[in-house]
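Protein chains get the first letters and strands the later ones, always in sequence-line order, with residue 1 at the start of each.
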Amino acid sequence: MSETTTPIVTIASIGQYEGQTVTLRGWLYNIRSSGKLLFPTFRDGTGTIQGIVPKAAVPEQVFETLKGLQLESSLTVTGKVRADSRAPSGYELDVENVEVISAVSAEEPFPITLKEHGVDFLMEHRHLWLRTPRQSAILRVRASIMRAASEFFDTDGFIRTDPPILTPNACEGTSELFEMDYFDNDKAYLTQSGQLYIEATALALGKVYSFGPTFRAEKSKTRRHLTEFWMIEPEVAYLELDGLMDLAEGFISHIVTRVLEQHRADLKVIGRDVAKLEAIIARGPNGERVPFPRLAYDDAHVMLEKAYAEGKIENPHKYGDDFGSPDETYISSQFDKPVMVHRYPAAIKAFYMQPDPADPTKALCVDVLAPEGYGEIIGGSQRVDSYDLLKQRIEDHDLPLAAFQWYLDLRKYGSVPHSGFGMGIERAVAWICGLDHVRETIPFARTLNRIYP
RNA sequence: UCCUGAGUAGCUCAAUGGCAGAGCAUUCGGCUGUUAACCGAAGGGUUGUAGGUUCGAGUCCUACCUCAGGAGCCA
């Protein structure tokens with residue numbers, strides 16, 4: 001429509017074009033008017049910018065077109081970029097021309113308004129909710145967290161080896177699995193962890209990781225649960241528990257560092273208290289790295305006993321039991337960095353975890369609890385490397401031995417100490433973004449009660 | 001699965017057992033610096049579903065449905 005050629009730019013990069021006439025391709029995010037002045041706000045996926053349209057300065061048709069346009073109509077807009085201290089982003093656009101690509105009907109206006117909505121309504125319109133600045137910012141941070149996570153392993157000699165998503169049996173035999181028919185007579189299940197498979201690839205390649213979707217058919221209805229979520233899992237041959245904790249610490253530090261480097265603006269949109277994240281990677285007085293606190297299960301139990309005696313938690317923690325959500329929240333609230341709780345009682349942990357030689361009733365495992373009550377974001381362990389012990393564990397847990405024969409083979413042919421952990425991406429995103437529910441951390445959350453849209 | 005809570009206009013919410021209401025959104029009008037703009041007006045309702053109590057039920061009772069938060073379990 002414009003007779004002259006103007007550069008097509010993104011809102012994120014518009015500062016480079018101050019004083020120039022440019023074209024944006026996007027959507028109408030909001031529009032205000034003051035008589036013969038219009039203030040349309042445009043968005044293009046990279047940000048938002050307010051345009052100014054004085055009636056006297058543009059063709060009648062441009063003014064009337066914008067005035068009658070519904071929110072989220074798509075359009076291209078041409079105008080001159082001007083720095084303005086009144087604008088939140090620092091720039092405004094003096095609109096010269098608009099071309100409507102697709103107008104939204106007034107009979108069915110865009111359902112997501114700038115006012116508040118309920119959770120159910122927003123989730124029902126998730127495909128449109130994604131367009132709002134906060135949701136877009138969260139997805140950008142999610143993408144960077146995933147990139148930083150891969151990057152950490154890729155640059156440290158890890159080989160990405162993704163396990164199958166369709167599996168013949170339960171990994172741990174505890175969680176509920178999504179079941180399906182697999183051709184004739186056989187059942188297949190959606191994976192709930194690729195761990196057993198990457199133990200195999202780790203013994204082949206040394207340092208490996210997997211990154212993919214995971215499925216849990218648990219009837220969990222909380223702010224921390226999805227039925228389909230993404231998990232990144234490293235597995236390393238010849239690595240023992242202490243080294244595994246070092247790995248987890250470096251991993252989390254790297255991700256937080258990258259997010260702080262790249263997403264200050266997004267974190268501001270989300271409303272995240274950045275100081276809480278800076279504390280994660282804060283250095284000591286001489287610039288030295290400050291390790292994450294490491295707390296043995298027994299010491300964590302003592303901490304909880306004291307907290308209960310002082311009335312800081314409602315229910316006493318019974319020694320030998322796993323920590324409940326309120327317990328984890330209390331423990332993590334005592335530190336401003338993620339806390340690594342290790343050596344849980346073997347009886348409450350998975351069959352494949354190596355017993356502690358110093359106390360065989362304990363497992364060489366670690367849970368990383370995120371600060372601010374976000375709970376467990378990482379669970380990991382050193383794996384049983386003895387054939388006989390592993391076989392006995394499988395039998396003790398009433399797991400089908402035949403299905404685990406290949407897994408036992410790993411202990412038959414050159415078994416070595418090895419360790420790994422898994423981090424749930426959505427929980428990490430929820431923590432880093434300071435969200436109160438994981439459903440906002442993934443484009444289309446799958447939960448107990450929702451599989452639409 | 002258990003516990004708790006919520007379902008009223010497109011959305012967010014009010015309404016002592018006694019006329020069904022507001023803000024936003026939509027439509028119309030006003031306003032040359034608005035930031036979830038503001039001001040005026042109009043249209044918009046099978047109060048989640050099915051029963052019951054009552055002269056009268058959005059409100060009280062029963063069952064069911066949907067959703068949310070929590071517990072357990074987990075990442």
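- Shown here, B/A6 forms a base pair with B/U66; the pair counts as Watson-Crick or G-U wobble because both key distances fall under 3.5 Å.
- Note on A/E92: a base of the nucleic acid sits closer than 4.0 angstrom, heavy atoms only.
- Nucleotides B/G5 and B/A41 are separated by 39 Å at their C1' atoms, to the nearest Å.
- A 4.5 Å side-chain heavy-atom check between A/R439 and A/V119 finds at least one atom pair inside the cut-off.
- Nucleic acid contact for A/D367: none, since no nucleic acid atom lies under 4.0 Å from a heavy atom of the residue.
- The side chain of A/R82 contributes no N or O atom lying less than 4.0 Å from OP1 or OP2 of B/G33.
- Between A/D396 and A/R393 there is no salt bridge, since no side-chain N of the basic residue sits under 4.0 Å from a carboxylate O of the acidic one.
- Within the 4.5 Å cutoff, the side chain of A/L177 has no heavy atoms near those of the A/R216 side chain.
- Of the candidates B/C31, B/G70, B/C73, the closest approach to any side-chain atom of A/K221 belongs to B/G70.
- A salt bridge is defined here as a Lys NZ or Arg NE, NH1 or NH2 lying under 4.0 Å from an Asp or Glu carboxylate O, and A/D94 with A/K80 fails to meet this definition.
- Within 4.0 Å of A/K55, counting heavy atoms only, lies no atom of the nucleic acid at all.
- A salt bridge links A/D246 with A/R294: the distance from a Lys NZ or Arg NE/NH1/NH2 to an Asp or Glu carboxylate oxygen falls below 4.0 Å.
- A/L226 comes within 4.0 angstrom of a base, heavy atoms only.
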Walk along nucleotides 41-46 of chain B from 5' to 3' and tag each nucleotide B, S or - by protein heavy-atom contact under 4.0 Å, base first, then sugar-phosphate.
------
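- Within the shown strands, B/A71 is the pairing partner of B/U1 under the Watson-Crick or G-U definition, both distances less than 3.5 Å.
- When heavy atoms are screened at a 4.0 angstrom cut-off, A/I425 is found touching no nucleic acid atom at all.
- Nucleic acid contact for A/E376: sugar-phosphate only, since backbone atoms but no base atoms lie under 4.0 Å from a heavy atom of the residue.
- Classified by interplanar angle (parallel below 30°, tilted 30° to 60°, perpendicular above 60°), the ring pair A/H301/A/Y319 is perpendicular.
- With respect to A/R142 and A/E440, no salt bridge is recorded, no charged nitrogen being found less than 4.0 Å from a carboxylate O.
- The distance from the CZ atom of A/F351 to the CZ atom of A/R383 is 10.5 Å, given to the nearest 0.5 Å.
- Considering only the side chain of A/T222, B/G70 comes nearest among B/U32, B/U1, B/G70.
- The shortest distance between the side-chain N/O atoms of A/R224 and the OP1/OP2 oxygens of B/G72 is not below 4.0 Å.
- With B/G72, B/G69, B/U32 as the choices, the nucleotide that has an atom nearest any side-chain atom of A/A56 turns out to be B/U32.
- Distances shown here put every side-chain N or O of A/H437 at or beyond 4.0 Å from the OP1 or OP2 atom of B/A68.
- Contacts of A/G375 with the nucleic acid, taken as non-hydrogen atoms under 4.0 Å apart, are absent.
- Once the 5.5 Å centre distance and the 30° plane angle are applied, the aromatic ring of A/F229 is found stacked with the base of B/A75.
- Residue A/P326 places its side chain closer to B/A71 than to any other of B/C74, B/G33, B/A71.
- Contact annotation: A/N449 side-chain N/O to B/U66 OP1/OP2 distance is not under 4.0 Å.
- Salt-bridge check for A/R264 with A/D266: failed, with every basic side-chain N at 4.0 Å or more from each acidic carboxylate O.
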Within the 4.0 Å limit for protein heavy atoms, which parts of nucleotides 24-30 of chain B are touched? Write it as a string from 5' to 3', B for base, S for sugar-phosphate only, - for none.
SSSS---
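- Ion pair A/E372/A/R272 flagged as a salt bridge, since at least one NZ, NE, NH1 or NH2 atom sits closer than 4.0 Å to an Asp/Glu carboxylate oxygen.
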